[in-house]
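Accompanying notes for the structure given below.
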Amino acid sequence: MMLTSQAVRHHRLRAHHLLERLPAGALEEAAGACGMQNSPPGAWETAMFNRVTDCSREQLEEALYQNKTLLQAWSYRGAPVVFPTKERNVFLAPLAARNGEEPWIYTKGVGLALDYLGMTFDQLLPMVEKAAGYLDENTVVSKEELDRVLAQQAEPLLPREKLPLWRAPSMYGSPDRQTVGGAVVSFLLRPCAFRSLVVFGRRENDSPQFTSCRAWLGHSLAQPTEEEERELVRKFLRCYGPAVPRELGDWLGCTPAQAKRLWAGMEEELEPVTLEGKKCWMLSADPVEDGDEGRRLMLLGPHDPYLDLRDRSLILEDPRLQRLVWKTVGNPGAVLEGGVIKGFWRSAVKKGKLELKLTLWQQPDRAMAQRLAELGEEWACFRRLMLTKCQIETLP
């Protein structure tokens, strides 16, 4: 089957609930599509704002911190992700690598500390996992403090001769604030999260609290199943398909071996298609159908799930412009119309008031400029801020 870029954009917009907003209160449905990355902090809130009717930050905080129908934990690519609590085994357990499938992209750097300690990854991970049991009874505020506390909890599990090395200043930066042990913990917290040993609790001022899934939810966890592994791949293919195994691995942040295994578990549910001359696969039960992307104009936030695709040319052809949207650090938001990126935007809060600067590839007509200003006002209202400036410019 030959697919057009337009049909695939329509398919993905529908999967991401961006063709039109979901009904009010449909937070779990929105977050359950493929999870919502929450870095920078608050990114998931903007993603919800674009997907759910009459969405408010109070509703989001209630779902995450009070009703706990939503949960935040380190998930794919080691990023903090918000997803439905009932699907925690989909967004966490399948990410745990099996023998021969390490390292994850976010644990590769631990090698310096392993060499210094003269210990292996497989020796240290069980120790850090056991140390994380501390969170079943205690809450820790801030990531830096979490590294320090769990490094201290791991000390009784280490050989005595390793303690001076464990307590030595970190070789990764900030040696006055982090030890080698704290650095090891920092790298291994993600694998601990995949086993539900550490999750995010309520934010305290500007710092997150950390606890265990058991302590946060108040009950034991169900054992993960192979069906939940398959469901994670389905979510990827619904939102980012058609795709190939390498793109799944890139999205998850895992090794090719792990991506290949997860993909193989889905082969009976896949069918080959051709997109822009490339052979790829999609779910047989979720065919791509021709459809209009619509003209909905949106201000997608940095790291919005829709922007987390691997085949970026599908929504922004020019590689030079791609580098302005997808940066190594500090991604801007994207101005999206009809599923295609028309520019980018940034915001700043000064003295409690919001300022927006939008940079478009082409000069907007009056109707588009007016609608962008309205969207800025709507987002400012959602943020509970007053919009004092909305500057629209075109790229030189």
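Proximity of the aromatic rings of Trp74 and Phe210 is defined here by a centroid distance below 6.0 angstrom, and this criterion is met. Aromatic ring centroids of Tyr240 and His16 lie under 6.0 Å apart.
Proximity of a side-chain donor or acceptor of Arg296 to a complementary backbone N or O of Leu18 within less than 3.5 Å is detected. The backbone N or O of Val244 sits less than 3.5 Å from a side-chain atom of Glu247, completing a donor-acceptor pair. Not a single donor-acceptor pair under 3.5 Å links the side chain of Gln258 to the backbone N or O of Gly249. Between the side chain of Lys235 and the backbone N or O of Gly32 there is at least one donor-acceptor pair closer than 3.5 Å. Between the side chain of Asp147 and the backbone N or O of Ala183, no donor-acceptor pair lies under 3.5 Å. Although no hydrogens or angles enter the test, the distance criterion places no donor-acceptor pair under 3.5 Å between the side chain of Arg167 and the main chain of Thr179. For the pair Arg77 (side chain) and Trp251 (backbone), a donor-acceptor distance under 3.5 Å is present. The main-chain N or O of Glu101 is found under 3.5 Å from a side-chain atom of Thr255 such that the two form a donor-acceptor pair. Here the side chain of Arg12 pairs a donor or acceptor atom with the backbone of Gly241 at under 3.5 angstrom.
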When you look at Asp308 and Gln37, which way does the side-chain hydrogen bond (donor to acceptor under 3.5 Å, both in side chains) test go after all the steps? CA-CA 9 Å; Asp308 202 11; Gln37 183 172 329; over 6 Å; no

Could you go through the side-chain hydrogen bond (donor to acceptor under 3.5 Å, both in side chains) check for Ser284 and Glu269 one step at a time? CA-CA 6 Å; Ser284 303; Glu269 299 184 34; over 6 Å; no

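For Glu226, the CD atom is loosely surrounded, since the number of other residues' heavy atoms within 6.0 Å does not exceed 12. More than 12 heavy atoms of other residues, nucleotides or ligands sit less than 6.0 Å from atom CG of Asp115. For Gln66, the CD atom counts as densely surrounded, since its 6.0 Å shell holds more than 12 non-hydrogen atoms of other residues, nucleotides or ligands. Within a 6.0 Å sphere centred on CZ of Arg177, heavy atoms belonging to other residues, nucleotides or ligands number 12 at most. Remark: Met386 CE is loosely packed, at most 12 non-hydrogen atoms of other residues, nucleotides or ligands lying under 6.0 Å away. Summarising the local packing, CD of Glu378 is surrounded by more than 12 heavy atoms from other residues, nucleotides or ligands at distances under 6.0 Å. No more than 12 heavy-atom neighbours from other residues, nucleotides or ligands sit within 6.0 angstrom of CD on Glu268.
By the 30° and 60° cut-offs, the orientation of the rings of Tyr76 relative to Phe91 is tilted. Using bins of under 30°, 30° to 60° and over 60° for the plane-to-plane angle, the ring pair Phe382/Phe49 lands in the tilted bin.
Among residue pairs with one or both ends in residues 182-196, those qualifying as salt bridge (Lys or Arg N to Asp or Glu O under 4.0 Å) are Glu129-Arg195; sequence neighbours excluded.
At least one side-chain heavy atom of Leu117 sits under 4.5 Å from a side-chain heavy atom of Val184. Put simply, the side chain of Trp361 reaches to within 4.5 Å of the side chain of Ile341, judged on heavy atoms. The closest side-chain heavy-atom distance from Leu163 to Glu155 is below 4.5 Å. Using a 4.5 Å heavy-atom threshold, the side chains of Val52 and Arg21 count as separate.
Met48 and Leu27 make their closest contact through CE-O, 3.1 Å (heavy atoms, listed as atom of the first residue, atom of the second, distance).
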